[in-house]
Amino acid sequence: MSYGFETLAIHAGQEPDERTGAVIPPIFQTSTYKQDAVGSPRLGYEYSRSGNPTRDALQECLAALEGGSRGLAFASGLAAEDTLIRTVCKPGDHVIIPDDAYGGTFRLFAKVAERWGLSWTAARISDVDDVRAKITTNTKMIWVETPTNPLLGIADIAGLAAVSRDAHALLVVDNTFASPYLQQPLALGADVVVHSTTKYVGGHSDVVGGALVLNDLALADALKFHQNAMGAVNGPFDAWLTLRGVKTLAVRMERHCDNAEKVAEFLTRHPKVKQVLYPGLPEHPGHELATKQMRRYGGMISFRMGDPTAAERVCNTTKVFTLAESLGGIESLIEHPGKMTHASVAGSELEVPADLIRLSVGIETIDDLLADLATALG
């Protein structure tokens with residue numbers, strides 16, 4: 001039987017405990033397991049870096065939500081990214097990354113993997129032809145965010161999947177901004193989906209984590225080997241918190257989207273705002289594509305003030321919007337990417353505008369959010 005998204009979020013990988021009937025899966029807060037005999041671990045569990053029932057429940061749930069065959073959970077989104085890079089690539093290989101990407105992802109490629117011998121080229125991932133033109137004979141991965149962080153660009157996942165197949169490269173899609181509720185890249189041809197589960201999947205700003213989801217079982221086995229060998233796994237309590245958060249992902253995303261659409265509309269009318277970047281706006285260059293491949297347009301908005309000093313003043317003035325890094329939690333956040341989440345791209349071709357403000361629109365009362373922004377903008 002095929003179940004709906006909300007049902008899967010609550011039940012996939014989360015059957016009531018067999019021994020006690022507990023409806024919520026228990027937290028297996030253990031580092032090791034009694035073995036039935038030498039070399040005979042019970043149900044395959046021997047050490048919690050290698051396997052833990054709570055983490056397995058999360059992995060199964062995330063795979064179901066993304067429409068994938070296998071899921072793997074990690075200590076952070078960057079731990080998931082690093083494990084994928086070192087599983088798929090070797091020194092001398094080449095990767096295409098977005099010219100608009102999360103600062104931590106850029107730092108991982110430019111300051112860590114490059115020293116290991118991996119080369120990279122930035123491309124406009126909203127332009128399939130630009131990506132195709134930058135492929136080399138050594139390209140092993142095309143790395144995509146959609147929507148991008150922080151400029152909210154939209155990539156044609158199906159179009160890039162065709163390009164990656166022609167190049168015998170993997171298409172990797174960071175689906176953090178959209179969440180599995182709004183977009184399922186595997187169904188559009190992506191090979192691997194990446195998440196910072198810290199964000200919308202966990203949804204409550206109380207746990208850090210990451211995940212990979214895919215259908216290729218051979219690659220999944222290789223990733224699981226590296227997950228264990230490199231060891232950047234999340235603990236059982238972190239996995240349990242993420243599972244608790246994901247149960248309400250669908251209802252939270254609907255409210256995030258409701259509020260974001262109203263905030264975007266408000267900002268487009270404000271005389272002090274020079275540009276609003278939100279794929280839900282008809283004038284956004286990726287609006288038509290976002291409408292095609294996303295359920296709704298998400299809770300992230302960026303806008304430009306035309307003046308860096310004014311942008312910092314707004315960030316420092318809001319009261320309901322909390323000045324903080326990260327995104328995707330129930331509370332609304334505001335930040336200055338150039339000096340906060342994207343400071344690592346300063347001076348590079350990924351440098352973000354100094355007058356840019358990024359909002360993670362939460363699920364508070366919309367009138368309070370609009371009034372807060374109106375006061376801060378002046």
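Only this structure's heavy atoms are used, side chains among them; waters, hydrogens and symmetry mates stay out.
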Trainee: For Ser360 versus Gly329, what's the shortest heavy-atom pair and its separation?
Mentor: OG-N, 4.5 Å

Trainee: Would you indicate whether the side-chain heavy atoms of Phe237 and Gln29 approach each other to under 4.5 Å?
Mentor: yes

Trainee: Could you tell me whether Glu283 atom CD has more than 12 heavy atoms of other residues or ligands within 6.0 Å of it?
Mentor: yes

Trainee: Going by atom types only, do Ser119 and Glu114 share a side-chain donor-acceptor pair under 3.5 Å?
Mentor: no

Trainee: With the side chain counted from C-beta on, respond yes when His11 and Tyr3 share a heavy-atom pair under 4.5 Å apart, and no when they do not.
Mentor: no

Trainee: State whether Lys319 and Asp372 are salt-bridged, where the test is any N-O pair (Lys NZ or Arg NE/NH1/NH2 against Asp/Glu carboxylate O) under 4.0 Å.
Mentor: no

Trainee: Decide whether Tyr33 and Asn52 meet the rule of one side-chain donor and one side-chain acceptor closer than 3.5 Å.
Mentor: yes

Trainee: May I ask whether Val246 and Ile10 are part of the same hydrophobic cluster, defined by side-chain heavy atoms of I, L, V, M, F, W, Y residues being less than 4.5 angstrom apart, directly or through others?
Mentor: no

Trainee: Evaluate whether atom NZ of Lys134 has more than 12 neighbouring non-hydrogen atoms of other residues, nucleotides or ligands under 6.0 angstrom away.
Mentor: yes

Trainee: Can a salt bridge be assigned to the pair Arg255 and Asp258 using a cut-off of 4.0 Å between side-chain N and carboxylate O?
Mentor: no

Trainee: Under 4.5 Å between any side-chain heavy atoms of Thr242 and Leu62, yes or no?
Mentor: no

Trainee: Contact between Leu377 and Phe266 at the side-chain level, heavy atoms closer than 4.5 Å - yes or no?
Mentor: yes

Trainee: Between Phe303 and His270, does the ring centre distance come in under 6.0 Å?
Mentor: no

Trainee: Quick check for you: to the nearest 0.5 Å, what is the distance between Ser196 atom OG and Asn175 atom CG?
Mentor: 12.0 Å

Trainee: So, Trp143 versus Phe106, ring centres under 6.0 angstrom or not?
Mentor: no

Trainee: Do Ser332 and Glu364 have a side chain donor and acceptor closer than 3.5 Å?
Mentor: yes

Trainee: For the residue pair Arg295 and Tyr181, would you count it as a cation-pi contact if the rule is NZ or CZ under 6.0 angstrom from the ring centre and within 45 degrees of the ring axis?
Mentor: yes

Trainee: Using only atom types and a distance under 3.5 Å, with no angle test, would you say the side chain of Gln293 pairs donor to acceptor with the backbone of Leu289?
Mentor: no

Trainee: With a cutoff of under 4.5 Å between side-chain heavy atoms, which Ile, Leu, Val, Met, Phe, Trp and Tyr residues group with Ile125?
Mentor: Ile96, Val128, Val131, Ile135, Ile142, Val144, Ile157, Leu160, Val163, Leu171, Val173, Leu188

Trainee: Is it true that the side chains of His195 and Glu66 contain a donor and an acceptor less than 3.5 Å apart?
Mentor: yes

Trainee: Any donor-acceptor pair under 3.5 Å linking the side-chain atoms of Glu335 with those of Thr341?
Mentor: yes

Trainee: Any chance you could lay out the side-chain hydrogen bond (donor to acceptor under 3.5 Å, both in side chains) test for Ser205 and Glu331, step after step, and finish with the verdict?
Mentor: CA-CA 8 Å; Ser205 301; Glu331 67 291 312; 2.5 Å; yes

Trainee: Does Gln59 reach the side chain of Gln227, with side-chain heavy atoms less than 4.5 Å apart?
Mentor: yes

Trainee: Taking C-beta and beyond as the side chain, do Asn316 and Arg313 meet within less than 4.5 Å on heavy atoms?
Mentor: no

Trainee: Before we go on, tell me: are the rings of His287 and Tyr297 under 6.0 Å apart, centre to centre?
Mentor: yes

Trainee: Between Asp129 and Arg132, does any side-chain N to carboxylate O distance fall below 4.0 Å?
Mentor: yes

Trainee: Salt bridge between Arg124 and Asp100, side-chain N to carboxylate O under 4.0 Å?
Mentor: no

Trainee: Can you find a heavy atom in the side chain of Val172 that is under 4.5 Å from one in the side chain of Leu84?
Mentor: yes

Trainee: Out of curiosity, Leu223 CG to Leu214 CG, how far, rounded to the nearest 0.5 Å?
Mentor: 6.0 Å

Trainee: For Glu288, is there an ion pair with Lys292 - N to carboxylate O distance below 4.0 angstrom?
Mentor: no

Trainee: Enter the distance from Leu327:CG to Met300:CE here, rounded to the nearest 0.5 Å.
Mentor: 4.5 Å

Trainee: Indicate yes or no: does Lys247 engage Glu6 in a salt bridge with an N to O separation below 4.0 Å.
Mentor: no

Trainee: Taking the side chain as every heavy atom from C-beta outward, state whether Gln275 and Met305 have any atom pair closer than 4.5 Å.
Mentor: no

Trainee: Should the pair Asp221-Arg70 be classified as a salt bridge under the 4.0 Å nitrogen-to-oxygen rule?
Mentor: yes

Trainee: With a 6.0 Å cut-off (strictly less than), is the heavy-atom count around CD of Glu15, excluding the residue itself, greater than 12?
Mentor: no

Trainee: What I want to check is whether the side chains of His226 and Thr83 have a donor and an acceptor closer together than 3.5 Å.
Mentor: no

Trainee: Just how far is it from atom CG of Leu350 to atom CG of Leu151, taken to the nearest 0.5 Å?
Mentor: 9.0 Å

Trainee: What I want to check is whether the side chains of Asp174 and Thr176 have a donor and an acceptor closer together than 3.5 Å.
Mentor: yes

Trainee: Drop me the distance from Lys274's NZ to Arg304's CZ, to the nearest 0.5 angstrom.
Mentor: 11.5 Å

